[in-house]
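Notes follow once the structure below has been shown.
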Amino acid sequence: MIRSVLVANRGEIARRVFRTCRSLGIGTVAVYSDADASAAHVREADAAVRLPGAAPADTYLRGDLVVAAALAAGADAVHPGYGFLSEDAGFAVAVADAGLVWIGPPPSAISAMASKTRAKELMGAAGVPLLSSVDPSSVSAQDLPLLVKASAGGGGRGMRIVRELAELDAALASARAEAAAAFGDGSVFVEPYVEGGRHVEVQILADAHGTVWALGTRDCSLQRRHQKVVEEAPAPGLSEGLHDTLRSAAVAAASAVDYRGAGTVEFLVSPGGRAFFLEMNTRLQVEHPVTECVYGVDLVALQIRVAEGCVLGAVPEPVGHAVSARLYAEDPARAWRPWAGVVHRLSVGAGASGVRRRGLRGGGPGPYIYGPASQSHLSAPNLGPQIHVSVPDPHPCDPVTSCRLPTAAELRVDSGVDDGDVVGIHYDPLLAKVIAWAPTRDEAVRRLAYELERARIHGPVTNRSLLVRSLRHPEFLAGEMDTGFYERHLDELTGGDDPEPVRLAALAAALADAAFSPSPFGGWRNVPSQPQVKRYRAGDDEVEIRYRLGRDGLVADGFDGVRLVDATTDSVVLEVDGVRRDFEVTVYSRGSVYVDSSLGSHSLTALSRFPEPDARTHPGSLLAPMPGTVVRVADGLAVGKPVQAGQPLLWLEAMKMEHRVVSPADGTLTALHAVPGRQVEVGALLAVVTTEETTP
């Protein structure tokens, strides 16, 4: 029996594993880098061990330090989470050699699937359908489009789509460089790129006694930079025959490598309904909660019990539909630029309305109590009590089930941060996963969009608006999305907000600010010609509010039909054309103001009446758009050489993603301050491109 588990990870997944351990009566140990010294997962663990340094290569990727930490803290098992060392066969061997229980698949299975080229060979021999590889030296125009992929690693790194033959060599070189930097292995391969394909995967779970579960399908087609954004289970719109094909292929893949524990087999489904093996992830997936919600199981608990030697029983039956959205600290409208900073408030669901429910945040599936049925999915004779979980009522058309009031069990938030935590530059910018379950897909999608829209998210810029608009897009609602969804629709999904709700939010912010005044009239003046003036920045726009508060109430320029009902320092009630609206106003330092209402959430920055002059930089200066590390500069780039508009000059790495810095125009490179390996802050001067227009 496992008594204490060290989680060789951080953030959301560490908290997720800790929660299940607590429910099973198992102690927990965290590891942390210097950048994570005050992180939520460290605070929640029973014990924590420091890994000196901040960069992943010096901390979470040091298997020797992690094993030593487990031994020092008295843990008897290691759970790898996902990412970092979770698919490192050498680390799994080191854990076992240290006398610790490895809560994961056998090292041989990890090794077999570590190389995508080797994995495809094994899957072909097992009868799993594949896309044939393409020899890049003999490619013709008829072979296009193509996909260049890194043989090692994942997460979209080392992947390039090639639509023109002239782009192939550059794509190969770029993918190799990125793969070598990310995984220490620059090998790549080329295969046909399926236009309009869907990313569909199957959750598997296997024990050491020959039983393999295939827990249905998940659709993960909504992706940015080949990384998933929205996932759901089951995958909509697939025929029952295709579902059976995918499940059978997943079981064959697991059996071919004598798999144990939780894993995922990923497929590409063509518009014609053909499935092709992509890869097998030998770990728990980020998107596993949607499967847990539909099947009523705790996959982390099952991982632990399998590691203890239990025997899996019959595969549970799925009920209902679940949809998950990944909330990132990033700006989709600016090339998915990640953002760092303090998370002042992150409150979704019950917490957004001021009601904090224990267990709603911090990871873990929570108590799935949807109906009277109770069902055991795990048989573990002589290994302690069985795991019993409640599953949804199997009658989704029952009006009591379909129309019941929302409960915490139907909405799940797996978060890696708490209020006041800081999103740093060293790791993935994922803030939380928000998951909704309902008897039908339409209900689950509607619930998730509603809860995201009403969430209180104060701090770094996030992709919240993109998620809400994606979930309400006709193509997604019809279940007709594919991996090119954001390529087609990003501009419309990231368009500007309706200006009227923004102006009302700014008015509410101004009136809340006026409530700080010691005057009972909140800044009332006896000279109607001199209104109060407040200016705010909302995104790229500036909003000016001019108003007066007199004996006749509120008079605000451009707000005919708006009446002030009440105003305090944190709440403003307005009547807009006869409709009452409540605005919650929260003010933080440096003029940061957040206004939340049923019309949406808006982030504003209060502007000074006497703004300081803008800092001036030399025309053509290329400044770092974010804090990060210079990973490489373009081959042959040198001061004095000509450059073309859009030409990549250098690459920055921040929050596990690479970002290109390109030339803004045709000209000459007259300065280059970027050096590979150097860390830069936002606004740091990287290079200068001089054109005829900018030459003094």
Side-chain angles (χ1 to χ4, degrees), residues 113-124 128-183 185-201 219-229 249 253 265-281 335-336 481-490 631-632 634-635 646-648 651 657-660 662:
M113 292 299 174
S115 167
K116 293 183 176 63
T117 51
R118 173 59 178 154
K120 293 183 73 169
E121 294 174 0
L122 291 172
M123 294 303 98
V128 178
L130 301 170
L131 280 170
S132 57
S133 295
V134 176
D135 182 356
S137 65
S138 59
V139 169
S140 66
Q142 286 70 37
D143 298 316
L144 298 173
L146 297 171
L147 183 64
V148 180
K149 299 180 68 175
S151 296
R157 309 189 74 173
M159 295 179 67
R160 302 289 187 274
I161 299 173
V162 179
R163 302 186 186 278
E164 300 290 340
L165 280 179
E167 301 173 352
L168 180 59
D169 288 344
L172 287 167
S174 177
R176 286 172 180 144
E178 185 176 3
F183 314 121
D185 182 352
S187 59
V188 299
F189 64 96
V190 181
E191 64 184 16
Y193 178 70
V194 179
E195 296 278 12
R198 291 175 60 182
H199 185 116
V200 180
E201 59 192 33
D219 188 291
C220 308
S221 297
L222 265 62
Q223 303 178 0
R224 53 97 161 108
R225 294 186 172 184
H226 308 291
Q227 294 179 328
K228 301 160 189 174
V229 177
V265 186
E266 300 188 345
F267 299 89
L268 183 67
V269 176
S270 72
R274 295 186 63 192
F276 304 100
F277 173 80
L278 283 176
E279 62 183 352
M280 182 176 180
N281 289 299
W336 310 97
M481 60 285 179
D482 58 57
T483 56
F485 180 83
Y486 285 126
E487 291 181 23
R488 295 190 301 274
H489 302 301
L490 186 60
V631 290
R632 65 184 187 276
D635 292 340
Q647 175 184 338
W651 286 261
M657 296 177 66
E658 282 195 359
H659 306 268
R660 295 188 309 168
V662 303

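Note that these values count all heavy atoms, side chains included, but never hydrogens, waters or copies made by symmetry.
- Nearest approach of Leu146 to Pro192, heavy atoms of both residues: CD2-CA, 4.2 Å.
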Test side-chain contact (heavy atoms from CB on, under 4.5 Å) applied to Gln227 and Arg224, step by step: CA-CA 5 Å; Gln227 294 179 328; Arg224 53 97 161 108; 2.4 Å; yes

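- With sequence neighbours excluded, the residues forming a side chain to side chain contact (heavy atoms under 4.5 Å, CB included) with Asp135 are Ser137, Ser138, listed by chain and number.
- Within the structure, every pair that satisfies the salt bridge (Lys or Arg N to Asp or Glu O under 4.0 Å) test and touches residues 161-176, not counting sequence neighbours, is listed here: Arg163-Glu195, Arg163-Glu487.
- Side-chain contact between Ile161 and His226 is present, with at least one heavy-atom pair separated by less than 4.5 Å.
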Gln223 vs Met481, side-chain contact (heavy atoms from CB on, under 4.5 Å): CA-CA, chis, key distance, verdict: CA-CA 10 Å; Gln223 303 178 0; Met481 60 285 179; over 6 Å; no

side-chain contact (heavy atoms from CB on, under 4.5 Å) between Met123 and Met280, intermediate numbers included: CA-CA 10 Å; Met123 294 303 98; Met280 182 176 180; 5.8 Å; no

Intermediate values then yes/no, side-chain contact (heavy atoms from CB on, under 4.5 Å), Phe277 and Leu122: CA-CA 11 Å; Phe277 173 80; Leu122 291 172; over 6 Å; no

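- Pairing each heavy atom of Pro271 with each of Val194, the nearest pair is CD-CG1, 4.1 Å.
- Residues His199 and Glu266 are in side-chain contact: their nearest non-hydrogen atoms beyond the backbone lie under 4.5 Å apart.
- For Pro129, the side chain to side chain contact (heavy atoms under 4.5 Å, CB included) partners are Ala249, not counting sequence neighbours.
- Contacts of His489 classified as ring pair (Phe, Tyr, Trp, His ring centres under 6.0 Å), with partners at least two apart in sequence or in another chain: His473, Phe485.
- Across all their heavy atoms, Gly158 and Ala175 have their closest contact at O-CB, 3.6 Å.
- Here Ala180 pairs with nothing under the side chain to side chain contact (heavy atoms under 4.5 Å, CB included) rule; sequence neighbours left out.
- From Lys120, atom NZ reaches atom CZ of Phe189 across 5.0 Å, with rounding to the nearest 0.5 Å.
- Across Ser270 and Phe276, no two heavy atoms sit closer than the pair CB-CE1, 4.3 Å.
- Interatomic distance, CE of Met159 versus CZ of Arg225, reported as 13.5 Å (0.5 Å rounding).
- With sequence neighbours excluded, the residues that form a side chain to side chain donor-acceptor pair (under 3.5 Å) with Arg198 are Asp219.
- Residues Ala150 and Ala179 come closest through the heavy atom pair CB-CB, 3.7 Å.
- In this structure, the side chain to side chain contact (heavy atoms under 4.5 Å, CB included) partners of Ala275, at least two apart in sequence or on a different chain, are Leu242, Leu246, Val269.
- The salt bridge (Lys or Arg N to Asp or Glu O under 4.0 Å) analysis of residues 137-150, with sequence neighbours excluded, yields the pairs Lys149-Glu191.
- Contacts of Ser133 classified as side chain to side chain donor-acceptor pair (under 3.5 Å), with partners at least two apart in sequence or in another chain: none.
- In this view, Arg118 and Glu121 satisfy the salt bridge (Lys or Arg N to Asp or Glu O under 4.0 Å) rule, not counting sequence neighbours.
- For Arg488, the CZ atom is densely surrounded, since the number of other residues' heavy atoms within 6.0 Å is greater than 12.
- The CG atom of Leu490 sits 5.0 Å away from the CH2 atom of Trp336 when rounded to the nearest 0.5 Å.
- Every residue two or more places apart in sequence or in another chain that forms a side chain to side chain donor-acceptor pair (under 3.5 Å) with Tyr486 is listed here: Ser470.
- Residues forming a side chain to side chain donor-acceptor pair (under 3.5 Å) with Ser115 (at least two apart in sequence, or on another chain): Thr117.
- Considering Val162, Leu147, Val148 as possible partners of Val190, the one that fulfils the side chain to side chain contact (heavy atoms under 4.5 Å, CB included) test is Val148.
- The CG atom of Leu168 sits 8.0 Å away from atom CG of Leu144, with the distance rounded to the nearest 0.5 Å.
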